[in-house]
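Structure record follows, encoded as structure tokens.
Note that the numbering runs from 1 along the sequence shown for the chain. No experiment lies behind these values; they were computed from the predicted model shown.
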Amino acid sequence: MELYARLIKGGEKIAVVGLGYVGLPIAVAFSEKVKTIGFDINKAKIQQYLRGEDVTREVGEEAIRNTTVEFTYEEQKLQEAKFIIVAVPTPVHIDKTPDLSPVTEACVLIGRNLTKDSVVVFESTVYPGVTEEICVPILERESGLICGKEFKVGYSPERINPGDKVHTLKNIVKIVSGMDVETRETIAKVYELIIEAGIHRVGSIKAAEAAKLVENAQRDINIAFMNELAMVFDKMDINTKEVIDAMNTKWNALRFTPGLVGGHCIGVDPYYFIYQAEILGYHSQIILAGRKINDDMGRFIGEIIVKRIIRAQKLVNKAKIYIMGITFKENCPDIRNSKVFDIINKLKEYDAKVTVVDPQAEVSEVKAVYNLDVVKLSEVKDADCIVFAVAHKEFAALTKQQLDGMFRTLPAQEKVIIDIKSIFNKSEMENMGFSYWSL
């Protein structure tokens with residue numbers, strides 16, 4: 001607890017390594033209580049923060065301008081911190097195996113700047129064993145210090161929900177673990193400075209690592225179930241939303257809905273669990289099946305779009321198609337692992353011409369990552385087919401008249417609307433004569 005006391009008195013600093021959707025809110029929150037360093041290897045990102053620009057939109061530009069976080073891309077600054085939080089991404093390779101390079105590279109960087117009596121806490125999502133069996137040896141090698149004697153480690157999985165202004169960092173229960181009881185209690189006390197919802201202590205680092213994977217795998221499986229139902233109901237000519245609304249009248253309904261499962265958590269974390277299970281000789285059945293269903297949804301929807309355009313008596317490669325939304329979820333600029341791109345890829349197999357509209361995404365980032373141009377909502381005109389892939393508030397606010405005005409002059413039944421998120425009322429759309437389909 002000595003470190004905690006020194007942090008409170010201003011004698012020591014906290015450092016957050018990785019300032020994305022997770023790391024930035026953590027750094028800003030801690031800076032309100034203790035001296036905080038915010039480190040990222042991305043020089044351009046640091047310069048944006050220094051200018052008061054919040055590229056994540058997670059904390060807001062006013063908070064960025066007023067924060068006392070010491071933003072830096074100079075790794076030597078980490079030598080000033082005794083409590084270091086690692087919040088770098090952990091994606092998967094193209095073959096769906098874990099890509100630990102961001103976290104191992106962070107360990108190399110931290111290790112060569114690690115000072116005696118420090119505590120390193122990992123928030124990055126990993127499979128059980130990574131912290132102690134992969135990260136600790138790197139830290140020891142680079143620092144020349146001995147873990148357990150000269151520095152300590154812990155694990156506290158991030159649970160931030162990007163774009164969610166209700167379930168924020170401060171009001172989500174924080175899971176904490178440490179290599180020993182003393183370390184765990186120190187970590188818990190430090191996080192209590194910013195977490196209002198409370199701390200849940202876990203007995204081992206491996207259990208905490210597993211908890212993060214399991215909570216996302218659970219959601220993935222439930223959404224996969226709803227996606228499978230949606231595909232079958234489409235063949236049965238049954239409206240999935242109507243079924244779900246009826247089902248949800250029962251008190252114990254789980255209220256999951258079908259949809260695209262992307263992003264940096266639910267669409268990735270189950271693969272970390274599957275990978276480790278395979279290493280230990282267990283072939284995942286339920287989790288792997290759920291992943292396959294969800295990974296295939298973009299292609300399924302792409303085929304539906306093609307069929308609906310043909311049914312409207314149009315040539316797919318001549319139709320003007322607008323994709324409304326490229327981010328992985330609504331009201332959020334995060335495009336990481338967006339499954340909307342799978343829809344676009346399927347349409348391109350038919351030489352379809354696709355235009356993307358997204359008022360939330362960073363235009364330059366979409367161009368850099370997906371090589372796609374993004375147009376403004378006001379520029380949508382002469383459409384043959386409009387695909388609502390993401391339920392951004394700007395799309396939900398569209399009136400039926402505005403929607404109709406986005407199409408070229410056509411008979412209503414030739415105006416194709418694909419509503420993946422069921423933003424609009426099916427009966428109203430059909431009463432207007434649109435060729436309407438929802439997942």
Side-chain angles (χ1 to χ4, degrees), residues 16-32 36 38-69 71 73 85 87-89 91 123-125 158-172 194-196 259-260 262-268 323-341 356-370 372-378 388-397 421 423:
V16 180
V17 176
L19 297 177
Y21 292 89
V22 173
L24 181 65
I26 293 170
V28 171
F30 270 121
S31 71
E32 297 172 5
T36 305
F39 173 85
D40 199 290
I41 59 173
N42 187 329
K43 185 175 180 180
K45 183 189 291 184
I46 292 297
Q47 290 173 334
Q48 286 177 300
Y49 291 152
L50 289 171
R51 291 196 299 267
E53 300 171 14
D54 179 9
V55 295
T56 69
R57 301 186 198 171
E58 287 298 306
V59 300
E61 298 198 340
E62 183 179 356
I64 292 293
R65 287 192 296 269
N66 295 328
T67 186
T68 59
V69 174
F71 291 113
Y73 50 83
I85 297 170
V88 298
E123 291 216 2
S124 304
T125 303
E158 62 87 4
R159 296 175 120 182
I160 288 175
N161 189 24
D164 192 334
K165 303 306 179 186
V166 177
H167 303 100
T168 59
L169 171 66
K170 295 182 180 182
N171 59 27
I172 299 174
I194 62 170
I195 305 297
E196 297 172 359
L260 300 171
H264 197 64
C265 290
I266 300 177
V268 173
I323 302 292
M324 310 296 265
I326 192 69
T327 61
F328 91 89
K329 65 178 291 187
E330 65 274 8
N331 305 321
C332 171
D334 195 345
I335 64 170
R336 293 176 299 173
N337 193 33
S338 171
K339 294 303 178 182
V340 180
F341 193 58
V356 174
V357 181
D358 198 310
Q360 295 286 334
E362 291 291 333
V363 175
S364 59
E365 188 179 7
V366 175
K367 183 66 174 178
V369 176
Y370 296 120
L372 291 169
D373 294 316
V374 179
V375 303
K376 296 178 180 178
L377 187 58
S378 59
F388 288 91
V390 187
H392 288 320
K393 59 188 178 187
E394 292 87 350
F395 302 152
K421 299 295 290 183
I423 299 173

Where do [X] and [Y] come nearest, in terms of heavy atoms and distance?
| X | Y | value |
| --- | --- | --- |
| Ala361 | Ile326 | CB-CG2, 3.9 Å |
| Ser124 | Val88 | OG-O, 2.6 Å |
| Gln48 | Val55 | OE1-CG1, 3.1 Å |
| Phe395 | Pro359 | CZ-CD, 3.7 Å |
| Ile26 | Ile85 | CG2-CD1, 4.0 Å |
| Cys332 | Gln360 | O-CB, 3.8 Å |

Handout entry: Heavy atoms of other groups near Lys43 NZ, more than 12 under 6.0 Å
Key = no
Exercise for the section: Kindly check if the number of other-residue, nucleotide or ligand heavy atoms within 6.0 Å of CD1 (Ile41) is above 12? Expected result: no
Look up atom [atom1] in [X] and atom [atom2] in [Y], then write down how far apart they are to the nearest 0.5 Å.
| X | Y | atom1 | atom2 | answer |
| --- | --- | --- | --- | --- |
| Leu372 | Lys367 | CG | NZ | 7.5 Å |
| Glu58 | Thr168 | CD | OG1 | 10.0 Å |
| Leu24 | Ile160 | CG | CD1 | 9.0 Å |
| Arg57 | Glu362 | CZ | CD | 5.5 Å |
| Glu330 | Lys393 | CD | NZ | 11.5 Å |
| Phe30 | Ile194 | CZ | CD1 | 3.5 Å |

Practice task
Would you please test Val366 and Asp358 for side-chain contact (heavy atoms from CB on, under 4.5 Å) and show each step?
Solution key: CA-CA 10 Å; Val366 175; Asp358 198 310; over 6 Å; no
Handout entry: Residues Lys376, Glu394: salt bridge by 4.0 Å N-O rule
Key = no
Exercise for the section: Not counting sequence neighbours, which residues clear side chain to side chain donor-acceptor pair (under 3.5 Å) with Thr327? List them please. Expected result: His392
Sub-4.5 Å side-chain heavy-atom contact between [X] and [Y]:
| X | Y | result |
| --- | --- | --- |
| Pro333 | Tyr21 | yes |
| Arg336 | Val369 | no |
| Val356 | Asp373 | no |

Exercise for the section: Given side-chain contact (heavy atoms from CB on, under 4.5 Å), test Thr68 with Thr36 step by step and report yes or no. Expected result: CA-CA 7 Å; Thr68 59; Thr36 305; over 6 Å; no
Handout entry: Tyr49 and Phe71 aromatic ring geometry - parallel, tilted or perpendicular at 30°/60° bounds
Key = tilted
Practice task
Would you mind telling me which of Val340, Ile323, Leu260 makes a side chain to side chain contact (heavy atoms under 4.5 Å, CB included) with Val390?
Solution key: Val340
Practice task
Only counting residues at least two apart or in another chain, list the ones meeting salt bridge (Lys or Arg N to Asp or Glu O under 4.0 Å) with Glu365.
Solution key: none
Practice task
Take Glu53 and Ile64 through the test side-chain contact (heavy atoms from CB on, under 4.5 Å) and record every step on the way to the result.
Solution key: CA-CA 7 Å; Glu53 300 171 14; Ile64 292 293; over 6 Å; no
Exercise for the section: Kindly indicate, with the supporting measurements, whether the criterion side-chain contact (heavy atoms from CB on, under 4.5 Å) is fulfilled by Asp334 and Lys329. Expected result: CA-CA 8 Å; Asp334 195 345; Lys329 65 178 291 187; 6.0 Å; no
Problem - Thr56 side chain to Gly20 backbone, donor-acceptor under 3.5 Å - result: no
